[in-house]
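In what follows, a single structure is set out as structure tokens and then discussed.
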Amino acid sequence: MKIIDLRSDTVTKPTQAMRQAMMDAEVGDDVYGEDPTVNRLEEKSAEMMGKEAALFVPTGSMGNQLALMVHCERGQEVICDADAHVFHYEMAAAGILSGVQLYPVADLHNENGLSNLIDHIRPPLSYLPQTRLICLENTLNRGGGSVMPLEQMAVVYRLAREYKLKVHLDGARIFNAATALQCDVTDLSDFADSVMFCLSKGLGAPVGSILAGKKEFIEQARRYRKLLGGGMRQAGVLAAAGLVALDDIARLSDDHENAMRLAEGLTEIEGLAVDFFKVQTNMVMAEIQELSVQEFLERILEAGVAAGPMGPGRVRFVTHRDVTAADIDEALMRIGQAL
């Protein structure tokens, strides 16, 4: 029985076009700056983000941590959302690598949180940590793939400028956000000094992320990438798949439509609840009302559907390139029968 894997959009397999591009890729030593395919990917990514330069990195977490390392000095503080990936899923790397403290703000990405943001910017007192950076995340993973509107990003960016702070955007799924907002991706990246986005999630490439910003910022990030073991030599084999992925962004709307199709079907299954307002991109958060999360996941996996836990009483389904509308219908049937 085919498993319909809705755990994450990271489970996608490279397309045939990506595999062919990887096989045909012109390569060189990227540590020396001599890999032409990596160079093309970085140039294209910088242009798409409206930034001066970009850097190809193995993972989104590394991209985020490089940004913190460059923007901050040891002992400074980074404001982020209480549900931010950099706070929950990057293994306290901010403290280990950069020696900075994360200061989470509840609901930073909506109007309620914005009203609290000023209270989290430290006054210039000698016995307090110095606020240096605001880290946003769009879309917000733990927020069910919810989108931070441009107006709210603009407010944060203006506030950061007023207090002489930098803004980093964890845009792991920034193209999903732009698709949902029906805007150009630069409309989002313009409100950040640096931005990271993943090639290996909704875009479907097998490996890699991009960090973009000013030329001097990227030059320092490149040095820190080497420090962290991220000098990948003939990395054009991987970058080639990323170039193919960047030419197929329009298809993300299919994932969003499939997520809504899934959400509508899940609400018809007894014992499940979905907040439609929060289904904005390619994620669906479902509240489990009668079973434990573990028992629910075990039952549906036995029926051939994989999902992931997202805290007490909640599971996450993520649509992606390798899941069709027909797969969604099949998954709904299997889940209904399993429960």
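This structure is a prediction, so every number in the text was calculated from the model and none was measured. Heavy atoms only: backbone and side chains are in, while hydrogens, waters and symmetry mates are out.
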Donor-acceptor pairs under 3.5 Å, side chain of residues 95-107 to any protein atom, not counting sequence neighbours: which ones?
from   : atom 1 : to    : atom 2 : distance (Å)
Ser98  : OG     : Met69 : N      : 3.4
Gln101 : NE2    : Glu77 : OE2    : 2.6

N/O donor-acceptor pairs under 3.5 Å from side chains in residues 201-209, not counting sequence neighbours:
from   : atom 1 : to    : atom 2 : distance (Å)
Ser209 : OG     : Gly60 : N      : 3.0

Side-chain donor-acceptor distances from residues 282-290 under 3.5 Å, at least two apart:
from   : atom 1 : to     : atom 2 : distance (Å)
Asn282 : ND2    : Asp9   : OD2    : 3.0
Asn282 : ND2    : Thr319 : O      : 3.1

Side-chain donor-acceptor pairs under 3.5 Å in residues 148-160, sequence neighbours left out?
from   : atom 1 : to     : atom 2 : distance (Å)
Gln152 : NE2    : His109 : O      : 2.3
Tyr157 : OH     : Arg161 : NH2    : 2.7

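Judged as a ring pair (Phe, Tyr, Trp, His ring centres under 6.0 Å), and not counting sequence neighbours, Phe317 has no contacts. Take Phe175 and apply the ring pair (Phe, Tyr, Trp, His ring centres under 6.0 Å) test, not counting sequence neighbours, and it matches Phe197. Every ring pair (Phe, Tyr, Trp, His ring centres under 6.0 Å) that Phe217 has, sequence neighbours left out, goes to His71. For Gln220, the side chain to side chain contact (heavy atoms under 4.5 Å, CB included) test picks out Val70, Arg223, Tyr224, with sequence neighbours left out. Contacts of Tyr89 classified as ring pair (Phe, Tyr, Trp, His ring centres under 6.0 Å), with partners at least two apart in sequence or in another chain: His85.
Pairs passing the ring-ring contact (aromatic ring centres under 6.0 Å, His included) check and including a residue from residues 12-44, sequence neighbours excluded, do not occur.
Listed by chain and number, the hydrophobic cluster partners of Leu128 are Leu125, Tyr127, where partners are ILVMFWY side chains within reach of under 4.5 Å, directly or through others. Counting side-chain heavy-atom gaps under 4.5 Å among Ile, Leu, Val, Met, Phe, Trp and Tyr, Met333 is found in no cluster with other residues.
Checking Asp29 against Gln234 by side-chain atom types alone, no donor-acceptor pair falls below 3.5 Å.
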